[in-house]
Protein chains: 2
Amino acid sequence: MPPAAPSRRLAPSKEIDSGPDPFAGDGRSHTSPAVDVRVVFFTLVGGRLVVALGSGEEGAPSLPRGWPAAEESLDVAARRIARDQIGLTDRYLEQLYTFSVGDDGEWTVVITYVGLVGPDAPVGSAPGITWVPLHPRVVCSEIDSRVIEYARTRLQAKLGYTTIALYLLPAAFTFRHLQSIYETILDQPLDKRNFRRRFLATGMLERTDQVSREGSHRPAALYRFRPTDDHERYLTPAWDEERP
Amino acid sequence: MPPAAPSRRLAPSKEIDSGPDPFAGDGRSHTSPAVDVRVVFFTLVGGRLVVALGSGEEGAPSLPRGWPAAEESLDVAARRIARDQIGLTDRYLEQLYTFSVGDDGEWTVVITYVGLVGPDAPVGSAPGITWVPLHPRVVCSEIDSRVIEYARTRLQAKLGYTTIALYLLPAAFTFRHLQSIYETILDQPLDKRNFRRRFLATGMLERTDQVSREGSHRPAALYRFRPTDDHERYLTPAWDEERP
DNA sequence: CCAAAAGTGTTGCTCGTACACCCATGA
DNA sequence: TCATGGGTGTACGAGCAACACTTTTGG
């Protein structure tokens, strides 16, 4: 790869380590970009993965977004956006990626989050939010579209080594339900017996004494996740949390 | 979990989806935080993992940092910082995490990167940069210290399912050398035969016809990585790349 | 010939996968 | 009694971990 031309030097490079001070130097009022936070919230509706979209500037669908309040932590800002715009109080939410967009003079650093909600949450009750299926295609901006696609990829990967599927389920659920979530997100069929065995082997599930009676067939036992919270968090640090 | 008190409303919450416009609303000149980019560069020196530190505001050691130039992409900014401050032109570099710090009125969004350099790079030639071992402790700010620790954790994890060790090695290396890198970073001894077999099984290595003669014992064959670049990149997208 | 690191195979176990039938229920 | 999904066990193969001795060189 070419060693990034030494020409264009918009930021002072002499300072080995001056603290960030974007208002110093040149005459411009700010060299600092805008900062916006966007959340990609998934849930499952009718066996399809759907994402929450609001309506953007000209009514075009776009990811719910906002900017952090003064000195507000990013995680808190993301949760606030989820609460105010989608109506979700507290669900799985994880930072995804940060990048900058800056073609048209609107220079913005975008911090993205992925979230998951289950059917117990009031999906559908937020005004201005529509939940749209990922297949065959989500119509939105190019950038939002790539963010959503990346979020889905990460979700898929993470399903392999965590139990975040928990967040897509109601408190009690059948094995069939659990399996269908994996099948939907991984987009491949799974063997019923192997799935059941492996999941039981983890010891994360607890069989309740209730059953699900629906349809003219044998009722299914309802399970729930054992209340050990060592799911989810894996590599993501707990920084930037809950600074009131 | 408590549903995040509805009190504190520092940012306007009425807007369902106004685009980011940090200069709107209140009378303050900017609600937008400063943005700074910090890089955590690791290498191995004498079998120890070391990190590149510059000297910060009051001469205290701190991670090399800077802020992105106007409309400069974050990845490009991180590479520029690595080049200008540490003297590394092009090495492994990956986004780590973004968080905000904002206690003292200095409100800053910090985007962190992890990088790796091998012994072929001019480590030690950059003025103002010192490479300090991670053990027993790195003396620097609390925040930088946590960033470094998280970077190390991620590096460890990633060593398991990628071949980023490649970036810590010279072009040709012995099996012992390769293994010692894994042992250093994972901080555990590995079985010589199993290690060799598994690594050979991946087909990523190529035996050269050269040997390493050092010490009064049998010379070791030198290997190199086969030039297939499907190492490293796994989940991290290629956004935000090389926008000149 | 001695020290010191390089190099090499086999075995048992664990885990994942493939696969087919009986069970309980409502209609 | 029939249709429908719920629930169960086994056998094979791949891959990983444990483990010790011979080889090649320099001094």
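Values in this document were obtained by computation on a predicted structure and should not be read as measured data. In what follows, chains are A, B, ... by sequence order, proteins preceding strands, each numbered from 1.
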Q: Using a 4.0 Å heavy-atom cut-off, write out nucleotides 19-27 of chain C from 5' to 3' as B (base contacted by protein), S (sugar-phosphate only) or - (no contact).
A: BB--BBBB-
Q: Rounded to the Å, how far apart are B/L205 CG and C/dG7 P?
A: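 B/L205 atom CG is separated from C/dG7 atom P by 13 Å.
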Q: Applying a 4.0 Å non-hydrogen cut-off, can you work out what B/A201 is touching in the nucleic acid: base, sugar-phosphate, or nothing?
A: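 No contact at all - B/A201 keeps every heavy atom at 4.0 Å or more from the nucleic acid.
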Q: A/Q179 has an atom CD; how far is it from atom P of C/dT17, in whole Å?
A: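 Going from A/Q179 (CD) to C/dT17 (P), I get 13 Å.
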Q: Distance check needed: C/dT17 P versus A/R196 CZ, whole Å only.
A: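 Those two atoms, CZ and P, are 18 Å apart.
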Q: Taking NZ, NE, NH1 and NH2 as the nitrogens, is one of them in A/E149 or A/R152 under 4.0 Å from a carboxylate oxygen of the other?
A: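 Yes, this pair counts.
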Q: Mind calculating the distance between CD (A/E183) and P (D/dG5) to the nearest angstrom?
A: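 Computing the A/E183:CD to D/dG5:P distance gives 14 Å.
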Q: According to the interplanar angle, ranging from 0 to 90°, do the rings of B/F175 and B/Y223 count as parallel (below 30°), tilted (30 to 60°) or perpendicular (above 60°)?
A: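 Perpendicular, since the angle between the ring planes exceeds 60°.
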Q: Roughly how many Å is it from CG in A/L222 to P in D/dG6, rounded to a whole number?
A: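 From A/L222 CG to D/dG6 P: 12 Å.
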Q: Indicate whether any N or O donor in one side chain lies under 3.5 Å from an N or O acceptor in the other, for A/R154 and A/Y150.
A: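 Indeed, the side chains of A/R154 and A/Y150 share at least one donor-acceptor pair under 3.5 Å.
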Q: B/L200 has an atom CG; how far is it from atom P of D/dC16, in whole Å?
A: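 The distance from CG of B/L200 to P of D/dC16 comes to 13 Å, rounded to the nearest Å.
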Q: Taking CD from A/E214 and P from D/dA3, how many angstroms apart are they, rounded to a whole number?
A: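 So the two atoms are 21 Å apart, to the nearest Å.
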Q: Give the ring-plane orientation class for A/F99 versus A/Y97, where under 30° counts as parallel, over 60° as perpendicular and anything between as tilted.
A: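 Geometry flag for A/Y97 against A/F99: parallel rings.
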Q: Could you tell me if A/Q210 and A/T208 have a donor-acceptor pair between their side chains, going purely by distance under 3.5 Å?
A: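 Result is no, nothing qualifies.
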Q: Any side-chain N or O of A/R198 less than 4.0 Å from the OP1 or OP2 oxygen of C/dG16?
A: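 For C/dG16, neither OP1 nor OP2 has a side-chain N or O of A/R198 closer than 4.0 Å.
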Q: Report the distance from atom NE2 of B/H177 to atom P of C/dA6, rounded to the nearest whole Å.
A: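 Nearest whole value for this atom pair: 12 Å.
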Q: Closest heavy-atom contact between B/P61 and B/L53?
A: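 Answer, listing the atom of B/P61 first, then B/L53: CB-CD1, 3.8 Å.
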